[in-house]
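Labels below follow one simple rule: chain letters A, B, ... track the order of the sequence lines, proteins then strands, and each chain is numbered from 1. We use all heavy atoms of the structure for the numbers below, so side chains are in, but hydrogens, waters and symmetry mates are not.
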Protein chains: 2
Amino acid sequence: MYIYTKYRFMKFLLPIFLLLSFSNIKAQADSTFIRYIYDLALENGEAYENLRSLCKDIGARVTGSAEAEMAVKWGEKLLKSYNFDKVYLQEIQVPHWERGTTEAAWIENEKGDILKLNILALGGSIGTNGLISGEVIEVKNVDALKLLNPNEIKDKIVFLSEAFNQKHINTFSAYGYCYPLRGDGANEASKLGAKAVVIRSLATPTDNHPHTGVTHFDKDVNKIPAAAMSTQNADMVSKWIKQGKVTLKMEMDCKVFPDVTSYNVIAEITGKDKKIITLGGHLDSWDVGEGAHDDGAGIVHSIEALRILKTLNYKPNHTIRCVLFMNEENGNFGGKSYAKLAKEANEEHICAIESDRGGFLPIGFDVVENTNHLELVKQYENLLFDYDLLKFKNGHGGVDIGPLKEYYPEMMQLGMAINSQEYFNYHHSEADVFEVVNKRELELGAAAMSTMVYLMDITLD
Amino acid sequence: MYIYTKYRFMKFLLPIFLLLSFSNIKAQADSTFIRYIYDLALENGEAYENLRSLCKDIGARVTGSAEAEMAVKWGEKLLKSYNFDKVYLQEIQVPHWERGTTEAAWIENEKGDILKLNILALGGSIGTNGLISGEVIEVKNVDALKLLNPNEIKDKIVFLSEAFNQKHINTFSAYGYCYPLRGDGANEASKLGAKAVVIRSLATPTDNHPHTGVTHFDKDVNKIPAAAMSTQNADMVSKWIKQGKVTLKMEMDCKVFPDVTSYNVIAEITGKDKKIITLGGHLDSWDVGEGAHDDGAGIVHSIEALRILKTLNYKPNHTIRCVLFMNEENGNFGGKSYAKLAKEANEEHICAIESDRGGFLPIGFDVVENTNHLELVKQYENLLFDYDLLKFKNGHGGVDIGPLKEYYPEMMQLGMAINSQEYFNYHHSEADVFEVVNKRELELGAAAMSTMVYLMDITLD
């Protein structure tokens, strides 16, 4: 009966409690301040010029490269120019892989017809040590590959050919389903004795540029060469294979080097208490294109979000820390180190917000699964409606901020949700350059980040 | 007391009534059917290929041109190929204006420095009849112009220079504020005795291509030459004017011809009753670029929305009528005639949905102000959330469907709301070509139109 009474009591009073507490919080959220954030971003924003500089003055910046080292200096100098309370580097160890200068592949059929393929070695792949050749075995995906007999694979070149499922509304979902082709395909094919692996690029459209990205090998697995071909090429290879035996010849001189020292680049506005809200993206990119959408956009979103709060003379309750993470693309040692060092320093982390889905139109925020956190964000839905921030749901936070969860399981994590329709046209390819970013959409992303940092700063104890 | 009792009665029962009625309607809305609509659009859509054909096989198609005539044939043939229940043309009279072959302008300062401007005559402008020259008077906008004394304007060339207010989240709002520059500027300047008018292009970014569009003259006002210059040029002209007297020289040989006969192109799926739901966009465009976003996108959205319903073998309650309106851009005689002919034929129109905001990401629907109509749409919010259709509010329907309201004041009107951030980079300019349309965003627009037609067909009596 006690329980029943308590339940009845709660049932009637809970809506009133919620109403009261939400009303209080809503009263604190200053809609005029949010309007100032957007005005500043749209009229006098610096995100677009900062992105131009990162893309053109630095360029592609794969972990371990000279460009990555210069990007650290670029970030430190820019953050210092804004006179934040603290700007510092956090030393980390990161992998060092280089593409080299040779990358070529052809298919040949039994009649001797040849077709040159547009390929990119996958990050972490070894080189071929000269021209290699092998019969191509087409397998749809890694699940299908695992079912095959080693006799069918040994000394062959495995071609993983699954295409994005166009029915997914969010293209990150289609990417997720195909991710194992690139992430695990070479590892699994090597276990079965394959000579090399080629994959259909993880991309939305059918076009003619390949998309790279990391491939993973278990410690006890023999590394083999692995490359991605353009989606048009993949369709063509499938067509040739249907007509008869196809041989693939390829040469790549990519190489893994010893780990090197690099840095996360950090800036802070000191809060009234010592609790920390992190916002960030990743400073490294792949080594082709300019890493404009992935994740130059997230970098300038985060820097601009902090700059806006400072420019508006906002005095945060908690320390607002902007982190330009290094090495998201091939190892996530920036994110892992950041979380570990935070715990070792006994820091108190209450919230982290990441932007790593491009510089397109922001549409809302994903909240990492937790009963209360989504409700805390959704209370501001009406306030954000006029800014076209419309979608708040449970979902993915971000790769860089992810490791914090291990040490701070109760903390809130948010990933900015961004129109995903074009992202995988550019992702990890030569096409991801400054020119394909729209100025206003980028600025709206910075304003959305700044706004959410502000709202969580006033909402979280 | 009666009122009080009734009120109390209503207060307690209203939520239950709403719950029951909404549940009923929701039960009728088949979420699986909506999923089929999206699957078909995304996997086997024809909107993108149809847009390519309209842009490349026909091209720009200003009212009265050979291309507009060919576009009518293109639309009729395509609609007939889909075997709809009816396909027919609706004859209308439309203006005929031609740009001609000469379009050039320069500014010159007192030192004799000259700068060539990128200009486009505004639709409806007269030619200059040779090279004309006049002192440039910069005026911010039409409101400021109306306050000036004719002595200050007579024989001068008025330069209307107001820029888009970047603070507006929706760029159509910024466009709306600047619209009088182009729509009324020449008319008002002529009343004050100006020789010609040049305006800053109605565009979001600062770049170097001009944007045309219609300019309007009252019947008793002397027509004068009117042109738009690029936003970069406009900044430069303002800068020169700050430094001293500036003369503008220009020549244009554009010309107004007598009205010609043209057509709205119409297709229908016959309903169980005689009530009509119209969906459409406009087939005409300006004469530069390819009219891809404005409004090729709306044309292929509407055709594809109807094709999807037919392919899925949907048997509508009401007649679903797809209209490719002619002459939205300079007179709206397609829309006006459609409405007038509908009334004359005693047709019963219950709903109209327009797509005329480009082929970008659809984000929701604007509902033309009416107490109940917005609620009728918002009941489906949860159903549409997963498709990123998130914003339902009172707002603008569409220019083409607008005249129906005069004859059918109770009907529902909807305008598809589309990410507006890039629209005015391309609008009415040479940059509005097929290549700047994203395939998936276009397909999502067609699916959204098809879905909303389906939902309104089952919702409206």
Side-chain angles (χ1 to χ4, degrees), chain A residues 34-45 48 163-171 173-174 203-207 359-364 381-382 384-393 395 417-426 436-445 447-448, chain B residues 34-45 48 163-171 173-174 203-207 359-364 381-382 384-393 395 417-426 436-445 447-448:
Chain A
I34 296 176
R35 187 64 254 185
Y36 287 157
I37 290 175
Y38 274 84
D39 287 353
L40 187 51
L42 292 170
E43 272 207 321
N44 294 297
Y48 193 63
F164 271 27
N165 183 341
Q166 298 292 336
K167 292 187 207 171
H168 293 268
I169 303 298
N170 190 313
T171 62
S173 170
T204 302
T206 303
D207 61 22
F360 305 97
L361 184 77
I363 61 169
E381 270 183 329
N382 288 344
L384 301 175
F385 183 85
D386 287 342
Y387 298 97
D388 288 355
L389 290 174
L390 306 162
K391 193 158 195 173
F392 305 96
K393 63 173 183 59
I418 294 170
N419 173 16
S420 74
Q421 300 309 322
E422 280 193 62
Y423 189 73
F424 293 98
N425 296 27
Y426 305 119
V436 297
V437 178
N438 175 268
K439 181 170 182 284
R440 277 180 60 89
E441 292 185 348
L442 186 74
E443 290 164 347
L444 287 170
Chain B
I34 295 176
R35 187 64 254 185
Y36 287 156
I37 289 174
Y38 274 84
D39 288 353
L40 186 53
L42 292 169
E43 274 206 318
N44 294 298
Y48 193 63
F164 270 27
N165 183 341
Q166 298 292 334
K167 292 188 208 172
H168 292 269
I169 303 299
N170 190 314
T171 62
S173 170
T204 302
T206 303
D207 61 21
F360 304 98
L361 184 77
I363 61 169
E381 269 184 328
N382 289 342
L384 301 175
F385 184 84
D386 287 342
Y387 299 97
D388 289 356
L389 290 175
L390 306 162
K391 193 156 196 174
F392 304 97
K393 62 171 183 60
I418 294 171
N419 173 16
S420 74
Q421 300 309 321
E422 280 193 62
Y423 188 74
F424 294 98
N425 295 25
Y426 305 118
V436 297
V437 178
N438 176 266
K439 181 171 181 285
R440 278 180 60 89
E441 293 185 345
L442 185 74
E443 289 164 349
L444 287 170

Measure distances from [X] to the heavy atoms of chain B and classify the residue's part below 4.5 Å as side chain, backbone, both or neither.
X	answer
A/Phe385	both
A/Leu444	side chain
A/Asp388	both
A/Tyr387	both

Only pairs under 3.5 Å count here: list side-chain donor-acceptor contacts from residues 417-424 of chain A, not counting sequence neighbours, and write none if there are none.
{"residue": "A/Asn419", "atom": "OD1", "partner": "A/Gln421", "partner atom": "N", "Å": "3.2"}
{"residue": "A/Asn419", "atom": "ND2", "partner": "B/Glu441", "partner atom": "OE2", "Å": "2.8"}
{"residue": "A/Ser420", "atom": "OG", "partner": "A/Asn170", "partner atom": "OD1", "Å": "3.4"}
{"residue": "A/Ser420", "atom": "OG", "partner": "A/Thr171", "partner atom": "N", "Å": "3.0"}
{"residue": "A/Ser420", "atom": "OG", "partner": "A/Thr171", "partner atom": "OG1", "Å": "3.3"}
{"residue": "A/Gln421", "atom": "OE1", "partner": "B/Arg440", "partner atom": "NE", "Å": "2.7"}
{"residue": "A/Gln421", "atom": "OE1", "partner": "B/Arg440", "partner atom": "NH2", "Å": "3.1"}
{"residue": "A/Gln421", "atom": "NE2", "partner": "A/Ile169", "partner atom": "O", "Å": "2.8"}
{"residue": "A/Glu422", "atom": "OE1", "partner": "A/Tyr426", "partner atom": "OH", "Å": "2.9"}

Taking A/Leu42, A/Leu40, A/Ile363 one by one, which has the highest count of heavy-atom pairs under 4.5 Å against chain B?
->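 The residue among A/Leu42, A/Leu40, A/Ile363 with the greatest pair count is A/Leu42.
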Can you list the residues that meet the side chain to side chain donor-acceptor pair (under 3.5 Å) rule with B/Asp39, with sequence neighbours excluded?
-> B/Arg35
Looking at B/Lys391, B/Gln166, B/Glu43, B/Lys393, which one has more heavy-atom pairs under 4.5 Å with chain A than the rest?
-> B/Lys391
Just how far is it from atom OH of A/Tyr38 to atom NE2 of B/His168, taken to the nearest 0.5 Å?
-> 16.0 Å
